[in-house]
Asker: 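Just dropping this structure here.
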Amino acid sequence: MKKLLYIDGCIRDELSRTKKIATPIINALKEKYDVETFVLNDMNLSVVQKELITKRNNGEIDKEVISWAEMVRDADRIVISAPFWDMSIPAALKNFIELCSIFDVTFKSNDKTCYGNCKAEKMLFITTRGMDIDTGSNLEQATPYLKALSWLWGIGDLFVVSAQNMDYVSEQEIENKINIAIADGLKIVKEF
Ligand SMILES: Cc1cc2nc3c(=O)[nH]c(=O)nc-3n(C[C@H](O)[C@H](O)[C@H](O)COP(=O)(O)O)c2cc1C
């Protein structure tokens with residue numbers, strides 16, 4: 001079976017609406033893929049600061065972190081779930097991405113530019129937003145960032161499942177939005 005890497009960035013965990021959308025989608029994907037999951041809440045993510053970057057530049061990279069980056073590199077498909085925080089993604093997810101963005105693992109370079117080294121032809125991003133902000137609007141800086149990252153890492157198409165205006169509607173409307181997003185996601189699963 002082909003491999004799918006699921007990066008669970010639903011920081012609020014069991015309270016997370018994003019997770020309520022992602023869970024049935026991931027369960028459906030388990031029929032097609034061998035799914036490995038990183039739950040960012042459960043990981044000990046060091047912030048990439050001076051000491052770490054100096055070590056990295058000297059070729060000293062934590063073996064566990066390299067193994068995470070290799071899993072990103074080798075996955076046939078990648079799914080990321082994360083809420084919309086401060087107009088983008090939660091820092092824990094950005095942090096995980098910085099840790100995995102390792103030269104000669106997730107990307108390479110020649111004498112002119114960087115290019116991707118990951119296998120996945122498709123990536124799915126699942127998110128929910130508090131305000132009524134559309135995917136790709138100028139105020140929405142999560143999807144454009146993940147698209148740019150897909151380019152750096154050499155990942156193919158980015159699919160997005162989202163629900164928005166979650167903080168300004170009734171519980172019933174939130175549930176309806178979650179169910180619509182799950183249905184959207186299950187449609188994507190067929191072509192994913
Ligand atoms: C720390 C934090 C930052 C947030 N920042 C934004 C934001 O910038 N824009 C927005 O529309 N909603 C923002 N929200 C609201 C969330 O996007 C919204 O409640 C979302 O549904 C939460 O997803 P979750 O239930 O999966 O945690 C923020 C919520 C939190 C807790």
Side-chain angles (χ1 to χ4, degrees), residues 4-30 33 35-49 68 71-72 75 77-101 120 122-153 155 157-189 192:
L4 182 148
L5 181 65
Y6 173 39
I7 302 163
D8 174 354
C10 297
I11 310 297
R12 294 196 312 135
D13 198 20
E14 73 284 350
L15 294 177
S16 166
R17 298 135 174 185
T18 314
K19 195 166 191 133
K20 289 190 179 105
I21 298 168
T23 302
I25 297 172
I26 291 295
N27 286 342
L29 284 164
K30 283 182 181 163
Y33 293 99
V35 176
E36 289 189 90
T37 303
F38 287 132
V39 180
L40 299 188
N41 267 323
D42 297 346
M43 298 171 84
N44 186 16
L45 301 172
S46 326
V47 178
V48 182
Q49 287 180 307
W68 299 342
M71 282 168 74
V72 170
R77 297 286 183 271
I78 296 175
V79 178
I80 298 176
S81 66
F84 189 53
W85 274 15
D86 300 293
M87 312 313 269
S88 182
I89 55 170
L93 176 57
K94 177 69 163 66
N95 205 152
F96 176 80
I97 289 168
E98 285 187 20
L99 287 167
C100 291
S101 213
K122 293 176 185 175
M123 181 155 95
L124 170 63
F125 175 44
I126 302 168
T127 192
T128 64
R129 304 182 196 110
M131 288 185 276
D132 197 8
I133 294 175
D134 293 335
T135 302
S137 98
N138 285 341
L139 294 174
E140 195 273 294
Q141 293 299 311
T143 310
Y145 167 64
L146 290 175
K147 267 196 188 140
L149 181 78
S150 299
W151 178 84
L152 175 66
W153 285 0
I155 295 168
D157 295 340
L158 179 70
F159 296 73
V160 181
V161 168
S162 66
Q164 64 200 51
N165 207 23
M166 300 300 261
D167 291 356
Y168 300 95
V169 294
S170 66
E171 282 304 319
Q172 183 58 54
E173 283 168 290
I174 292 173
E175 205 182 306
N176 292 345
K177 283 171 185 282
I178 289 174
N179 287 332
I180 290 168
I182 293 170
D184 288 348
L186 294 177
K187 264 188 230 149
I188 291 173
V189 166
F192 194 71

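When a ligand or atom number is given, it counts from 1 through the structure's own listing order. The chain is numbered in sequence order, starting from 1. We use all heavy atoms of the structure for the numbers below, so side chains are in, but hydrogens, waters and symmetry mates are not.
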Asker: Between T18 and R12, do the side chains contain a donor N or O and an acceptor N or O under 3.5 Å apart?
Answerer: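 Not at all, the side chains of R12 and T18 share no donor-acceptor pair under 3.5 Å.
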Asker: In terms of heavy-atom contacts, does CD of E14 have more than 12 from other residues, nucleotides or ligands at under 6.0 Å?
Answerer: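 For E14, atom CD is crowded (more than 12 foreign heavy atoms under 6.0 Å).
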Asker: I need the K94 NZ to L40 CG distance, nearest 0.5 Å.
Answerer: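 Here the rounded value is 13.5 Å.
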Asker: Heavy-atom contacts with M87 under 4.0 Å: which atoms of ligand 1 show up? List them by number with element.
Answerer: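 Those atoms are 7 (C), 8 (O), 9 (N).
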Asker: Given M131, R129, R12, which one has a non-hydrogen atom that is nearest to atom 27 (O) of ligand 1?
Answerer: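 Answer by nearest heavy atom: R12.
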Asker: Is there side-chain contact between M131 and E140, with heavy atoms separated by less than 4.5 Å?
Answerer: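 A side-chain contact is absent here, since even the closest heavy-atom pair is not under 4.5 Å.
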Asker: Counting non-hydrogen protein atoms only, what is the nearest one to atom 19 (O) of ligand 1? Give residue, atom name and distance.
Answerer: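 Of every protein heavy atom, D167 OD1, 2.8 Å lies nearest to atom 19 (O) of ligand 1.
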Asker: Taking the side chain as every heavy atom from C-beta outward, state whether L124 and R77 have any pair of such atoms under 4.5 Å apart.
Answerer: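 Answer no - side chains too far apart.
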Asker: Just go through F84, W85, Y168 and tell me whose heavy atom is the nearest to atom 17 (O) of ligand 1.
Answerer: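 Result: the heavy atom closest to atom 17 (O) of ligand 1 is in F84.
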Asker: Within the 4.0 Å heavy-atom shell around D86, which atoms of ligand 1 are there?
Answerer: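 With D86 as reference, the close atoms of ligand 1 come out as 3 (C), 4 (C), 5 (N), 6 (C), 7 (C), 8 (O).
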Asker: Strictly distance-based, threshold 3.5 Å: is any side-chain N or O of T127 a donor or acceptor partner for the main-chain N or O of A82?
Answerer: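 Here the side-chain-to-backbone pair exists.
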Asker: Considering A142, G130, S162 one by one, which has a heavy atom nearer to atom 12 (N) of ligand 1 than any of the others?
Answerer: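 Heavy atom nearest to atom 12 (N) of ligand 1 belongs to G130.
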Asker: Looking at ligand 1, does any of its N/O atoms fall within less than 3.5 Å of an N/O of M166?
Answerer: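 It does not: no N or O of M166 is found under 3.5 Å from an N or O of ligand 1.
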Asker: What residue and atom, counting heavy atoms only, is the protein's closest point to atom 23 (O) of ligand 1, and at what distance?
Answerer: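 I find the closest protein heavy atom is T128 OG1, 3.0 Å.
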Asker: Which of the atoms of ligand 1 are close to T18, meaning less than 4.0 Å from one of its heavy atoms?
Answerer: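 Counting atoms of ligand 1 from 1, those under 4.0 Å from T18 are 23 (O), 24 (P), 26 (O).
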Asker: Do R17 and ligand 1 have an N or O pair less than 3.5 Å apart?
Answerer: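 Yes, at least one N or O pair falls under 3.5 Å.
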Asker: Are the side chain of N95 and the backbone N or O of S46 linked by a donor-acceptor pair below 3.5 Å?
Answerer: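 Judged by distance alone, yes, a pair lies under 3.5 Å.
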